[in-house]
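Some notes on the structure that comes next.
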Amino acid sequence: MPELPEVETVRRGLERELVGKRIKSVEVTGMRSIRRHKNKNEFAGRLEGVKVKSVKRRGKYLVIHLDSSELLVVHMRMSGQLRRAQPKDPLDKHTHVVITFTQGGQLRFVDPRTFGEMFLTAPDVLSSQIPELADLGFDPVDEPLAVTEFARRLLGRPGVKLKTLLMDQSFMAGVGNIYSDEILWESGLRFDRTPSQLSNMEIRRLFRAIVEILHEGIKHRGSTLADQQYVDVAGKPGDYQQFHAVYDRTGLACRRCRGIIAREKFAGRSTFFCPDCQV
DNA sequence: ACGCCCGCCTGTAAGC
DNA sequence: TGCTTACAGGCGGGCG
């Protein structure tokens with residue numbers, strides 16, 4: 001499911017929903033979602049009675065700061081959802097964790113494919129020191145680089161194909177299969193170009209496209225595809241799919257040059273691009 | 001050290 | 001209609 005714009009949309013929803021609330025009880029029905037923990041009681045026990053201080057994001061990770069000084073880290077992988085609910089609401093089939101607050105509402109972790117997970121870290125670590133997050137590169141929305149520094153880092157990986165680099169979470173955190181294709185279209189660059197082939201102007205275009213596309217994605221509350229897998233905390237789908245230039249638009253006319261959008265397998269992932277204006 | 005491919009799961013859509 | 005196959009917003013590990 002979610003890349004940076006979707007995770008940021010969820011983060012904003014959680015911030016509004018959770019900050020200041022105290023956890024009353026935690027019910028775990030799927031151990032796989034909390035697989036780093038020994039058992040349900042150990043996980044639940046560390047959460048019960050604790051208050052939510054703030055909700056942060058790094059790349060595709062959500063980091064919920066608690067007044068116990070522990071951090072609850074959530075990654076939704078392909079199909080995870082965090083949903084606000086009331087105790088009386090019927091349980092979705094793939095609900096694995098239900099957190100109930102003393103104020104009455106609930107936060108539910110729903111995840112059909114069970115790739116997603118949540119875990120509590122040891123107390124008092126900065127989010128950059130969480131081992132799972134330590135290898136992440138810069139977050140282009142939260143900690144944008146100067147273009148000169150971006151160029152320096154890009155040229156440090158001279159032979160790697162651009163799509164691979166954009167999706168490499170240790171180079172830059174937050175971009176996945178949809179937004180890498182959209183960024184490359186906006187840049188006018190093919191997925192298989194490499195940094196060493198790029199002119200200064202092309203590097204600047206790529207840099208600007210990263211920032212622009214991700215902010216546009218956030219502004220339109222992320223992308224929800226036909227399967228409706230991605231929804232925000234309130235269950236609402238995003239709108240950004242309407243603005244996709246290439247993703248899932250095989251055979252349609254390019255919005256820029258009227259060429260026909262092509263689809264190719266690259267590094268095991270479906271890759272969409274305009275063969276005429278991406279060079 | 002790097003890139004590629006699989007496995008992890010369930011659900012859906014396309015293909016025969 | 002019904003069975004089979006391919007594929008899906010991610011990522012870690014094993015392999016060459």
Side-chain angles (χ1 to χ4, degrees), chain A residues 1-11 29-36 57-62 73-82 92-96 109-119 130-137 139 141 156-185 191-192 194-196 213-214 216-218 220-232 236-251 263-272:
Chain A
M1 169 184 52
E3 302 180 34
L4 191 154
E6 291 77 29
V7 180
E8 176 60 19
T9 304
V10 170
R11 189 200 68 76
T29 45
M31 262 314 285
R32 207 173 126 75
S33 300
I34 56 158
R35 51 189 171 269
R36 287 169 208 252
R57 180 190 57 73
R58 251 184 76 67
K60 301 173 195 169
Y61 286 88
L62 285 165
V73 179
V74 185
H75 198 302
M76 298 184 276
R77 294 288 176 98
M78 292 287 264
S79 63
Q81 298 177 358
L82 285 170
D92 198 294
K93 188 173 172 201
H94 299 286
T95 305
H96 308 304
F109 185 64
V110 180
D111 186 9
R113 293 176 72 179
T114 70
F115 297 163
E117 62 167 327
M118 52 177 67
F119 58 90
I130 302 168
E132 289 79 1
L133 281 69
D135 285 338
L136 293 179
D139 184 301
V141 168
R157 308 284 300 276
V160 183
K161 296 192 164 59
L162 291 180
K163 175 153 175 168
T164 305
L165 205 48
L166 291 178
M167 290 180 61
D168 180 348
Q169 303 302 298
S170 68
F171 176 73
M172 179 174 80
V175 170
N177 202 39
I178 291 180
Y179 291 93
S180 59
D181 284 1
E182 293 299 319
I183 287 165
L184 288 166
W185 180 85
F191 58 90
D192 51 3
T194 63
S196 65
I213 293 289
L214 294 175
E216 283 296 296
I218 293 168
H220 295 284
R221 309 173 55 78
S223 304
T224 298
L225 305 183
D227 61 12
Q228 297 281 306
Q229 287 261 33
Y230 165 70
V231 289
D232 69 10
K236 192 179 162 198
D239 292 327
Y240 190 64
Q241 64 283 358
Q242 297 173 241
F243 301 96
H244 289 178
V246 284
Y247 189 86
D248 209 14
R249 286 177 46 82
T250 316
R263 172 183 184 150
E264 229 173 81
K265 207 76 155 173
F266 172 76
R269 314 296 301 274
S270 285
T271 297
F272 302 87

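Shown here are the side-chain hydrogen bond (donor to acceptor under 3.5 Å, both in side chains) partners of A:R221, two or more places apart in sequence or in another chain: A:D232. In terms of the side-chain hydrogen bond (donor to acceptor under 3.5 Å, both in side chains) criterion, A:E182 has no residue partners (sequence neighbours excluded). Shown here are the ring-ring contact (aromatic ring centres under 6.0 Å, His included) partners of A:H94, two or more places apart in sequence or in another chain: there are none. The side-chain hydrogen bond (donor to acceptor under 3.5 Å, both in side chains) check on A:Y247 picks up nothing, with sequence neighbours excluded. Applying the salt bridge (Lys or Arg N to Asp or Glu O under 4.0 Å) criterion to A:D92, with sequence neighbours excluded, gives no partner residue. Scanning for side-chain hydrogen bond (donor to acceptor under 3.5 Å, both in side chains) contacts around A:S196 gives A:T194, with sequence neighbours left out. In terms of the salt bridge (Lys or Arg N to Asp or Glu O under 4.0 Å) criterion, residue partners of A:E132 (sequence neighbours excluded) are, by chain and number, A:R36. The salt bridge (Lys or Arg N to Asp or Glu O under 4.0 Å) search around A:K163 returns A:D181, not counting sequence neighbours.
One can place CZ of A:F115 at 12 Å from C1' of C:dG12, the figure rounded to the nearest angstrom. Atom P of nucleotide C:dG10 and atom CG of A:L133 are separated by 16 Å, given to the nearest angstrom.
Distances shorter than 4.0 Å separate some side-chain N or O of A:H75 from OP1 or OP2 on C:dC11.
Along DNA chain B, the stretch of nucleotides lying under 4.0 Å from any heavy atom of chain A spans, 5' to 3', B:dG3 to B:dG11.
The stretch residues 162-171 of chain A touches DNA chain C through A:Q169, each having a heavy atom within less than 4.0 Å of the strand.
Going from the P atom of B:dC9 to that of C:dC3 covers 25 Å, rounded to whole Å.
A:Q241 approaches A:T224 most closely through the heavy-atom pair OE1-N, 2.9 Å. What you find for A:T9 and A:G222 is that their closest heavy atoms are OG1-N, 4.0 Å.
A side-chain N or O of A:S223 and one of A:Y179 form a donor-acceptor pair less than 3.5 Å apart.
Remark: A:D111 does not engage A:R77 in a salt bridge, criterion side-chain N to carboxylate O under 4.0 Å. The residues A:R57 and A:D139 are annotated as salt-bridged, a charged nitrogen and a carboxylate oxygen being separated by less than 4.0 angstrom.
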If you write DNA chain B from 5' to 3' in dot-bracket form, with Watson-Crick or G-U pairs under 3.5 Å, [ ] for crossing pairs and | for pairs with another strand, what do you get? .|||||||.|||||||
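Residue order along DNA chain B, read from the 5' end via each residue's closest nucleotide, puts A:F266 first among A:F266 and A:T114.
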For nucleotides 4-8 of chain C, print each protein N/O atom paired with a nucleotide N/O atom at under 3.5 Å, atom names and distance only.
| residue | atom | partner | partner atom | Å |
| --- | --- | --- | --- | --- |
| C:dA8 | OP1 | A:R263 | NH2 | 2.8 |
| C:dA8 | OP1 | A:S270 | OG | 2.2 |
| C:dA8 | N3 | A:R113 | NH1 | 3.1 |

